[in-house]
Amino acid sequence: MTTGKLWSVLVLCGIGLLFFVNRSFVESQKTDALWPLRSFTAINPTLVTNTKHIVIIKGMVFDPAELHVHKGDTVVWINKDLVPHNITDFPKNRWTSGTLALSSSWEKSISNTFEYYCSIHPTMKGKIIVDP
């Protein structure tokens, strides 16, 4: 056997041994429900409690039209309608998503309660309510 082939065999054996040892360790840790978190020293509570909510735009309505969230949550609007829409602050138009084509989405981090509408189709309205 040549030196090159011998090194190849040794490297492959070493990789196999590392895989076997690592797999045995992981399997032994799975009995503990928190085994994936053992390598972390701290968990940021804001990462755990913030939630992403979905509002679907379809049939010329926001669904749900009224959504309860917590401060810091994120709302994602997804346009599943055949026509373009937007999400615009109501009544003062302080911010807007811009036009969302079919299958487009837009997200906003929520800090306060507000009403919104589609300025392209003003009868479409919704409300985000921040619960304590």
Side-chain angles (χ1 to χ4, degrees):
M1 185 178 281
T2 65
T3 306
K5 287 184 181 179
L6 181 59
W7 277 109
S8 297
V9 170
L10 288 173
V11 168
L12 289 175
C13 288
I15 291 171
L17 181 62
L18 287 173
F19 176 76
F20 177 76
V21 169
N22 187 43
R23 184 174 176 198
S24 298
F25 173 76
V26 169
E27 291 299 321
S28 70
Q29 298 300 308
K30 284 186 178 178
T31 56
D32 180 1
L34 296 176
W35 76 270
L37 301 177
R38 293 290 178 219
S39 62
F40 298 103
T41 55
I43 297 175
N44 184 342
T46 60
L47 294 177
V48 175
T49 59
N50 290 354
T51 304
K52 193 170 270 197
H53 305 271
I54 306 291
V55 175
I56 300 294
I57 306 168
K58 189 172 184 179
M60 301 294 285
V61 296
F62 295 107
D63 184 26
E66 185 172 290
L67 181 64
H68 289 260
V69 302
H70 290 98
K71 187 175 183 175
D73 286 358
T74 299
V75 176
V76 180
W77 286 265
I78 303 172
N79 186 6
K80 299 279 186 177
D81 215 339
L82 297 176
V83 296
H85 295 287
N86 65 31
I87 298 91
T88 303
D89 172 60
F90 182 81
K92 296 185 180 180
N93 297 340
R94 290 176 290 214
W95 50 262
T96 185
S97 64
T99 302
L100 300 178
L102 175 64
S103 298
S104 296
S105 65
W106 182 71
E107 67 181 58
K108 179 174 177 56
S109 180
I110 308 303
S111 58
N112 58 329
T113 296
F114 61 87
E115 293 183 50
Y116 63 93
Y117 77 117
C118 173
S119 67
I120 302 168
H121 310 100
T123 59
M124 294 175 59
K125 295 182 180 178
K127 186 173 187 176
I128 304 296
I129 300 166
V130 176
D131 291 332

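Below, all heavy atoms of this structure are taken into account, side chains as well, without hydrogens, waters or symmetry copies.
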Taking all atoms of both residues into account, what is the closest heavy-atom pair of S105 and I78, and its distance? CB-CG1, 4.0 Å
Tell me whether the NZ or CZ atom of K125 lies within the 45° cone about the ring axis of F90 and under 6.0 Å from its centre. yes
Quick check: does any side chain N or O of D81 sit under 3.5 Å from a backbone N or O of M60, one acting as donor and the other as acceptor? yes
Looking at NE2 of H85 and CE of M124, how far apart are the two atoms once the value is rounded to the nearest 0.5 Å? 4.0 Å
Please check: side-chain N/O of N79 versus main-chain N/O of L100, any donor-acceptor pairing under 3.5 Å? yes
Can you tell me if S97 uses its side chain to pair, donor with acceptor, with the backbone of I87 under 3.5 Å? yes
So, taking the atom named NZ in K127 and the one named CZ in F62, what distance separates them when rounded to the nearest 0.5 Å? 15.0 Å
How long is the span from the CH2 atom in W106 to the OG1 atom in T99, to the nearest 0.5 Å? 12.5 Å
Might you point out which heavy atoms bring G72 and S109 nearest each other, and give the distance in Å? O-OG, 4.0 Å
Give a yes-or-no answer on whether the side chains of N93 and T88 include a donor-acceptor pair shorter than 3.5 Å. no
Rounded at 0.5 Å granularity, tell me how far CD in E115 sits from CD in E66. 9.0 Å
How far does NE2 of H70 sit from CG of N50, to the nearest 0.5 angstrom? 10.5 Å
Stepwise side chain to side chain contact (heavy atoms under 4.5 Å, CB included) check, V55 with V75: CA-CA 7 Å; V55 175; V75 176; 3.8 Å; yes
Lys/Arg cation over aromatic W77: K108, 6.0 Å, 45° cone: no
Using side-chain heavy atoms (C-beta onward) and a distance below 4.5 Å, is I110 in contact with V130? yes
Could you pull out the closest heavy-atom pair between L102 and K80, with the gap in Å? CD1-C, 3.8 Å
When you look at W95 and Y116, which way does the ring-ring contact (aromatic ring centres under 6.0 Å, His included) test go after all the steps? CA-CA 10 Å; W95 50 262; Y116 63 93; 7.3 Å; no
Does the pair D73 and H53 meet the rule for a side chain to side chain contact (heavy atoms under 4.5 Å, CB included), with working shown? CA-CA 8 Å; D73 286 358; H53 305 271; 2.8 Å; yes
Could you state whether V83 and I57 fall into the same hydrophobic cluster, counting links through intermediate Ile, Leu, Val, Met, Phe, Trp or Tyr residues with side-chain heavy atoms under 4.5 angstrom apart? yes
How far does CG of L67 sit from CD1 of I129, to the nearest 0.5 angstrom? 8.5 Å
Does a donor on one side chain and an acceptor on the other come within less than 3.5 Å for H68 and D131? yes
